[in-house]
Amino acid sequence: MYRVLLSGAAGSGKGTIARMLVREFEPLGFNYFAAGDFIRDHIARGTEFGVRAQSFLNKGEHVPDSILNGAILAEMLKAGPRVILDGYPRNMNQLKMVEDQAPLNLVVELKVPRKVLIDRLSKQLVHPASGRAYNLEVNPPKEEGKDDITGEPLFKRSMDQLEVARRRLEVYDKTENKVLDYYKKQNKCITMSGESSKAVFESVADVMRRDLVTTTPRTAYA
């Protein structure tokens, strides 16, 4: 078993980095799980859960645990024992549920200046049906304004307007820092600058390779 959590504010690039890691380690049985993808799928299908979730996301807030936890944990477990997690768990209630059933091995905190985050979010486009996101500077679509896979139009999410983006950053600061503090005390968390996705990918991949081949229990990250 080996589970990695990428944690960072909206716009930190955790989704991009997570997918790079999955491509690299897929031969070793790694899968990808993103809470955002799970939620967006329900929103796109118009389920009762999706409708309720969207009302919170449109305000830049997290979906409450009372609505989210049972369903999302079950879905996460389906990803298997080797998984790259994107943005879940993100608060202490979720952490307790995850640690009880599927403990994490490595947590990566992505640090990006707030000005850079807001700039990235203001330039983000999304394919509504799949939730695939693009940034006009960091990972633009191959054809302007169109999804790489389907060729369908891309749109700016209402949640990614500047004021809502700022609210999302405030919510992150209040909730996910506690999760990171927990894993830092467990010596499982490394903090990296998220301004270069490639550099983060290479560093995290090195840590994973070391962990996956070693037979000596690791107590802390250098």
Side-chain angles (χ1 to χ4, degrees), residues 1-54 56-57 61-110 126 129-133 159 168 171-172 174-184 186 188-190 194 200-201 204-205 207-208 211-212:
M1 296 184 297
Y2 195 90
R3 300 178 181 90
V4 181
L5 166 65
L6 295 184
S7 179
S12 63
K14 57 185 181 293
T16 298
I17 297 164
R19 289 180 174 88
M20 293 168 71
L21 289 169
V22 170
R23 284 195 296 270
E24 179 73 14
F25 290 95
E26 190 173 18
L28 297 180
F30 276 83
N31 293 308
Y32 171 69
F33 179 79
D37 288 353
F38 171 80
I39 295 169
R40 284 189 289 271
D41 174 63
H42 278 266
I43 291 173
R45 291 191 286 118
T47 67
E48 180 182 355
F49 169 83
V51 172
R52 296 176 70 188
Q54 187 165 32
F56 291 95
L57 296 178
E61 300 175 0
H62 289 158
V63 181
D65 290 341
S66 59
I67 300 174
L68 183 66
N69 267 358
I72 201 168
L73 180 63
E75 196 68 21
M76 188 204 87
L77 292 173
K78 292 179 184 177
R82 288 190 166 188
V83 61
I84 310 295
L85 300 170
D86 173 356
Y88 180 83
R90 63 172 72 240
N91 63 42
M92 293 305 293
N93 286 334
Q94 295 173 3
L95 181 151
K96 291 174 183 176
M97 292 182 65
V98 168
E99 286 297 309
D100 184 53
Q101 298 194 46
L104 305 186
N105 300 85
L106 171 64
V107 175
V108 181
E109 176 188 18
L110 299 175
V126 69
S130 67
R132 281 186 290 273
M159 69 172 68
R168 292 172 71 188
V171 170
Y172 173 83
K174 291 178 181 178
T175 57
E176 296 192 41
N177 282 339
K178 295 179 181 179
V179 171
L180 295 169
D181 287 343
Y182 172 86
Y183 286 111
K184 287 174 182 177
Q186 301 294 316
K188 292 183 177 181
C189 182
I190 55 176
V200 173
F201 159 72
V204 175
V207 172
M208 290 177 62
D211 281 359
L212 291 166

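Note that the structure is predicted; figures quoted are calculated from it, not measured. Residue indices begin at 1 and follow the sequence shown.
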### Task
Begin from the C-alpha positions of E24 and I84 and carry the test side-chain contact (heavy atoms from CB on, under 4.5 Å) through to its verdict.
CA-CA 11 Å; E24 179 73 14; I84 310 295; over 6 Å; no
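- Within the 3.5 Å criterion, the main-chain N or O of F33 finds no donor-acceptor partner in the side chain of D86.
- Each of L95, N177, V107 was checked for a side-chain contact (heavy atoms from CB on, under 4.5 Å) with Y182, and the lone residue meeting it is L95.
- Side-chain contact of Y32 with E26: a donor-acceptor pair under 3.5 Å is absent, judged by distance alone.
- Side-chain contact of N91 with D65: a donor-acceptor pair under 3.5 Å is present, judged by distance alone.
- Heavy-atom minimum distance, A205 versus L21: N-CD2, 4.0 Å.
- Heavy atoms only, all atoms of each residue included: A53 and V63 are closest at CB-CG2, 3.8 Å.
- For the atom pair CG (L68) and CE (M97), the distance works out to 9.0 Å, reported to the nearest 0.5 Å.
- Counting heavy atoms from C-beta on, the side chains of V204 and I17 never come closer than 4.5 Å.
- For the pair F30 and Y2, the minimum side-chain heavy-atom distance is below 4.5 Å.
- Looking at E176 and S7, their side chains do bring a donor and an acceptor atom within 3.5 Å of each other.
- Across all non-hydrogen atoms, the minimal contact from A102 to L77 is CB-CD2, 3.8 Å.
- A salt bridge is absent between D100 and K96: the closest approach of a Lys/Arg side-chain nitrogen to an acidic carboxylate oxygen does not fall below 4.0 angstrom.
- Between N105 and D211 the shortest side-chain heavy-atom distance does not fall below 4.5 Å.
- Two residues are said to be in side-chain contact when any heavy atoms from C-beta on lie closer than 4.5 Å; L73 and Y88 meet this criterion.
- Contact check for E109 versus L5: no side-chain heavy atoms found under the 4.5 Å cut-off.
- Proximity of I39 to F49: side-chain heavy atoms (C-beta onward) are separated by under 4.5 Å at one or more points.
- Evaluated for a side-chain contact (heavy atoms from CB on, under 4.5 Å) with L104, the options E99, K188, M1 yield exactly one hit, E99.
- We find the CG-CZ distance between L180 and R90 to be 11.5 Å, quoted to the nearest 0.5 Å.
- Side-chain contact between Q94 and I72: absent, with no pair of heavy atoms (C-beta onward) separated by less than 4.5 Å.
- Here the CZ atom belonging to R19 is positioned 11.0 Å from the CG atom belonging to L6, to the nearest 0.5 angstrom.
- Between G87 and A35, the closest heavy-atom pair is O-CB, 4.4 Å.
- Put simply, the side chain of R3 never gets that close to the backbone of L106: no donor and acceptor are under 3.5 Å apart.
- By the 4.5 Å heavy-atom criterion applied to side chains, V83 and M76 are not counted as neighbours.
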### Worked verdict on K178 versus D181 for salt bridge (charged side-chain N to carboxylate O under 4.0 Å, His left out)
CA-CA 5 Å; K178 295 179 181 179; D181 287 343; over 6 Å; no
